[in-house]
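In what follows, chains are A, B, ... by sequence order, proteins preceding strands, each numbered from 1.
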Amino acid sequence: MQIIIAVAVLSTIAFFAGILLSYASEKFQIETDEKTEEILKYLPGVNCGACGYPGCQGFAQALSSNEASPDSCTVISAKNLTKLKTFLGLETADNSKSQKRLGALIKCNGSDSEEHMKFTYEGIKDCQAAVLLQNGPWKCPHRCVGMGSCVAACPFGALSMGEKHIPVLDESKCVGCAACVPACPKNLIKMVDIDRRVHVLCNSTDTAKEVREHCKVGCIGCKLCEKVCPTGAITVTDNLAKIDYSKCTDCGLCAEKCPTKAIFVEPEQPNTESVKETQPTENKADKK
Amino acid sequence: MTQLIGILILSIFVENFVFSQILGLCPFIGVSNKFDSAYGMGLAVTFVMFVTGIVTWPLYHLILVPLQLEYLETIAFILVIAALVQFVEIVMKKTARNLYQALGVYLPLITTNCAVLGVALINIKRNYSFAEAAVNALGGGLGFLMALLIMAGIRERLELAEIPASMKGAPIAFITGGIMAAAFIGFSGLI
């Protein structure tokens with residue numbers, strides 16, 4: 001008899017607990033928006049935040065309420081973008097292919113010799129931390145700190161630290177999310193059209209004399225590139241050459257003329273060949 | 001009233017569930033990596049412990065004792081606690097989604113958290129009245145919350161400290177917990 005009471009009591013307790021739970025799951029049911037769920041399937045799901053929304057979930061909600069455009073996502077593949085646009089009933093623009101793809105550009109050529117260092121930094125491997133000490137270990141105040149904060153910030157593993165303490169971009173992996181941009185304490189990373197090949201790899205606005213003192217491959221503002229450019233795409237302001245990418249034709253004449261090789265023509269990057277191997281050697285600049 | 005305040009201090013400091021009774025170490029080590037999730041977990045455990053204390057006391061004294069089923073206390077308490085945790089989880093999923101995601105697997109683990117079951121059993125063992133049992137449960141939860149927060153604060157700093165690679169993570173956390181437990185012995189004799 002005793003055992004039956006025990007079973008009955010426990011069953012009753014379990015029964016009431018079950019009723020409580022089923023009531024709760026009914027009462028606190030989460031209305032899952034089917035449209036949002038469907039949109040989420042097309043999104044990359046990496047939550048990089050390039051679209052400006054908190055993760056893919058937030059972006060999907062914004063899309064489903066027509067607050068955002070699918071084009072805001074720079075990471076999405078062209079195939080999924082077309083599918084997503086079809087799903088949302090938007091015009092499937094054919095120019096999506098010609099739309100320029102953004103990629104990170106590290107605007108430093110990186111003079112690596114020891115004479116250009118102020119001291120050897122042995123602290124935390126972090127650019128922000130290194131900058132706190134005497135504005136970094138390098139003499140050039142604009143030089144890439146080389147501690148790899150942007151490498152750590154990249155959610156896609158597109159950046160890696162090159163031999164010259166300058167990060168190297170793997171163009172096939174870069175999706176243009178710009179997560180690396182705020183990671184750089186020197187503001188060296190710019191988002192540019194990834195197919196562009198000619199770049200000014202320097203961010204120094206110092207005078208020629210100062211640049212010469214702490215770097216061999218920096219822009220000295222000599223204006224040779226400005227003169228040679230057939231389309232007038234290059235202008236030198238504040239001792240720094242700047243390329244207007246809308247006018248640039250990637251002819252590379254400026255790079256040939258540049259005495260310090262601060263202007264640089266990237267080779268086509270069909271494979272994952274790294275940029276650093278083809279960067280101008282310092283010896284060339286030495287002879288000048 | 002003095003009695004109740006005494007029990008509160010006793011359960012928070014003198015007989016802290018983590019440091020003095022060595023209960024609930026799973027979330028103590030598992031969720032104390034980040035201060036925010038430690039805070040959420042601590043609050044969740046505090047809430048579950050408090051409700052457990054309130055629910056299990058009448059369950060024992062009004063149902064089990066009259067039916068002479070005191071030996072069923074453990075299984076009955078586990079049943080109630082499991083249902084309660086599920087309930088909290090469902091409510092939290094709806095009302096505090098970020099907290100729900102931050103707690104992850106540890107919220108269901110409260111179900112088998114010995115600190116929660118412990119508070120229910122201690123209430124019975126010490127023959128507490130209903131008010132005393134509620135205060136003891138609340139104090140136990142607050143003590144757990146405090147332990148978790150102190151631990152999370154220390155561990156966030158330990159992240160930056162240079163310690164041998166083999167000691168990183170859980171080992172140094174256990175050593176830290178041990179030293180803190182030794183420090184909490186200082187409260188013994190307070191009540």
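Residues of residues 71-88 of chain B that come closer than 4.5 Å to chain A, counting heavy atoms only, are Y71(B), L72(B), I75(B), A76(B), L79(B), V80(B), A83(B), Q86(B), F87(B), ordered by residue number. Within residues 141-161 of chain B, no residue has any heavy atom closer than 4.5 Å to a heavy atom of chain A.
Counted within 6.0 Å of NZ on K34(B), heavy atoms from surrounding residues, nucleotides or ligands total 12 or fewer; the atom is thus considered open. Within a 6.0 Å radius of CD1 in I3(A), no more than 12 heavy atoms belonging to other residues, nucleotides or ligands are found. Within a 6.0 Å radius of CD1 in I124(A), other residues, nucleotides and ligands contribute 12 heavy atoms or fewer. Around the CD atom of E26(A), the shell of radius 6.0 Å holds no more than 12 heavy atoms that belong to other residues, nucleotides or ligands. Within 6.0 Å of CZ on F119(A) lie more than 12 heavy atoms contributed by other residues, nucleotides or ligands. Within a 6.0 Å sphere centred on CZ of F47(B), other residues, nucleotides and ligands contribute 12 heavy atoms or fewer. The number of heavy-atom neighbours closer than 6.0 Å to NZ of K125(A), taken from other residues, nucleotides and ligands shown, is 12 or below. The neighbour count for F87(A) CZ, taken as heavy atoms of other residues, nucleotides or ligands under 6.0 Å away, is above 12.
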What do the steps show when you test K27(A) against I90(B) for side-chain contact (heavy atoms from CB on, under 4.5 Å), and what is the final call? CA-CA 9 Å; K27(A) 171 100 181 171; I90(B) 290 169; over 6 Å; no
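Distance CD1/I13(A) to CG/L59(B): 4.5 Å, rounded to 0.5 Å.
Scanning all heavy atoms of the two residues, the minimum distance from Q68(B) to Q2(A) falls at O-NE2, 3.2 Å.
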